[in-house]
There are 2 protein chains.
Amino acid sequence: MATEDVPLPPWRKSRKPAQLRRQLSQDLIVEAGLRILDAEGLDALSMRRVAQEFDTGPASLYAHVANKEELLELVYDRVLSEIRLPERDPGRWKEQLREYMVEVHRVLAKHADLARVALANIPTGENSVRMGEFVFGLLIEAGMSPRDAALSMDRISLYVVSDAYEGSVHFTRMRAAGLSDPQEYFESFVGQIAGYYRALPAARFPHITKFVDALIADDGEERFQYGLELLLDGIEARMPRTP
Amino acid sequence: MATEDVPLPPWRKSRKPAQLRRQLSQDLIVEAGLRILDAEGLDALSMRRVAQEFDTGPASLYAHVANKEELLELVYDRVLSEIRLPERDPGRWKEQLREYMVEVHRVLAKHADLARVALANIPTGENSVRMGEFVFGLLIEAGMSPRDAALSMDRISLYVVSDAYEGSVHFTRMRAAGLSDPQEYFESFVGQIAGYYRALPAARFPHITKFVDALIADDGEERFQYGLELLLDGIEARMPRTP
DNA sequence: ACCTGAACACCGTTCAAGT
DNA sequence: ACCTGAACACCGTTCAAGT
């Protein structure tokens, strides 16, 4: 993959001389991991698959990363580095917070089911603290108490990451089903859910069966927005008055 | 594990006659899976490990469950069956919703990292719809529009499950570290975080470094409660006036 | 219909041996 | 210091053969 070798004639035992060993590095490994993640998903991102990218075995990676967990955290932080943060403007804290959440969500959604890494690992990489300083600082400067700001920041992060992960579950299922058109997948999935709801016994499930249309009306993006506004309104209620 | 056999003398080839084959069933398999989950965590819950519980190989399970995913969903629904729901009282919708969220969170937290199954699978088992009918019906009866009720229910579920999962990540780490006292783990973990924050350059991270105490003040339970109230307040703001 | 052993195509990590 | 092949201890699932 790395260097395009001329293939050896089949009767020659293809033994690479030791001098041609690949020159690995942590950065190269992380980039390869990210490529695999984007193209094939998190489940395909194995140590063996990454090593394959350098025509070698998985043992070669352990000189540059401690283990798979560290590799995933490095890939995660690499992706977070794509997030650009504006200058803080506390007077517009609500708009800025909304924009921030949408931006983080967008970047995570771009990279398959990477959000699962964040959920499973409580990341503390460079970019995580950079983002933490932005949100925490914004809330503090807008007048919130440090305790409320810390708690709000924490809940905001959980919400964005968990919703991004939920979205990626659908994406992964779509890929597993061999579909490539999100629209097509979405309609067939929603159709199945609707059919299931309609088939439920109305006596035991009166509200679900009565309002199936409302239950399937909103897609992932609208659901994300709704929860986002719920949280923002809750946070606003805890913000000191600024009339 | 299942039947307490008298051990064979070592010189006897211990070959079970075919008539003594285990009598498997889906229920027995699900119960065994739940036992393993509770005792050793979700990562230990493999088809091979479940089969071991019946002194057989993993292939034997496939007559009763389609695959591992189905087994996990069955275990998940089995756990949800522990949740008791009260009579709906729309006048107390906020209290009832709070109690519901706390109850679901409590049951999930009891069963290791099972919440991961919910997050990865969009469950549609019997108990999921039972819970859905409760929450959706409560919001409808309290006067909410079907659309808002559907969206609110969806966000509530995501919040409870994702927070339960986040909590279980700590629990799993505690077990991996060989600790058994949550207090001990919590203090060492929080101590590490605090040390990391304090060591950050104050020029780039002025707010984090200044308010370390506030950032580490609240534990998982308090963070869960805080987000819960954020959501409830947001939902209340979308509820028609009832003065 | 249900159960089984063996096999297939994978995993992450370790270790001794190479350069 | 960095890279490697081989091995270890695992996975989920399939399949032909048994009862």
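Order of the sequence lines fixes the chain letters, A, B, ..., with proteins taken first and strands second; residue numbering starts at 1 for each chain.
Atoms CD (A:Q26) and P (D:dC2) sit 11 Å apart, rounded to a whole Å. Computed from coordinates, the B:D27 CG to C:dC2 P distance equals 14 Å when rounded to whole Å. Across the protein-nucleic acid pair, B:Q52 atom CD and D:dG12 atom P stand 12 Å apart, rounded to whole Å. Rounding to whole angstrom units, CG of residue B:L71 and P of D:dC11 are separated by 14 Å. Between the CG atom of B:D43 and the P atom of C:dG12 there is a distance of 13 Å, rounded to whole Å. For the pair A:L61 CG and D:dG5 C1', the interatomic distance rounds to 14 Å; values are reported in whole Å. If you measure from atom CG of A:D55 to atom C1' of D:dT4, you get 13 Å, rounded to the nearest angstrom. Following rounding to the nearest Å, A:L28 (CG) and D:dC3 (P) show an atom-to-atom distance of 10 Å.
Every residue two or more places apart in sequence or in another chain was checked for a salt bridge (charged side-chain N to carboxylate O under 4.0 Å, His left out) with A:R130, and none qualifies. Residues forming a side chain to side chain donor-acceptor pair (under 3.5 Å) with B:E221 (at least two apart in sequence, or on another chain): B:Q225. Taking B:R49 as the reference, B:I36, B:E40, B:S46, B:Q52, B:E53 meet the side-chain contact (heavy atoms from CB on, under 4.5 Å) condition, with sequence neighbours excluded. Residues forming a side chain to side chain donor-acceptor pair (under 3.5 Å) with B:D38 (at least two apart in sequence, or on another chain): B:H111. Evaluation of the side chain to side chain donor-acceptor pair (under 3.5 Å) rule for B:R175 yields no partner, not counting sequence neighbours.
Put simply, A:H64 has no side-chain N or O that comes within less than 4.0 Å of OP1 or OP2 on D:dA1. OP1 and OP2 of C:dC3 both lie 4.0 Å or more from every side-chain N or O belonging to B:T56.
Residue pairs meeting the side chain to side chain donor-acceptor pair (under 3.5 Å) criterion with at least one member in residues 58-69 of chain B, sequence neighbours excluded: A:R173-B:E69, B:T56-B:S60.
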With a 3.5 Å cut-off and sequence neighbours excluded, list the donor-acceptor pairs that the side chains of residues 187-199 of chain B form with protein atoms.
unit_1	atom_1	unit_2	atom_2	d
B:E187	OE2	B:Q183	NE2	2.9
B:S188	OG	B:Y185	O	3.4
B:Y196	OH	A:T124	O	2.7

Taking N or O atoms only and anything under 3.5 Å, show me the protein contacts with nucleotides 13-15 of chain C, one pair per line.
unit_1	atom_1	unit_2	atom_2	d
C:dT13	OP2	A:Y62	OH	2.6
C:dT13	OP2	A:K68	N	3.0
C:dT13	O5'	A:Y62	OH	3.2

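A salt bridge links A:E126 with B:R204; the closest basic N to acidic carboxylate O contact falls under 4.0 Å.
For B:F134 and B:Y100, the ring centers are positioned less than 6.0 Å apart.
Counting only Watson-Crick or G-U wobble pairs whose defining distances are both under 3.5 Å, the stems of 3 or more consecutive pairs in DNA chain C are C:4-8 with D:12-16, C:12-16 with D:4-8.
Using atom P as the reference point in both C:dC10 and D:dA9, the two lie 22 Å apart (nearest Å).
Taking the nucleotide of DNA chain C with the nearest heavy atom to each of A:L45 and B:A63, the more 5' of the two is matched to B:A63.
Within the nucleic acid shown, A:S46 comes within 4.0 Å of sugar-phosphate atoms alone, with no base atom in reach, counting heavy atoms only.
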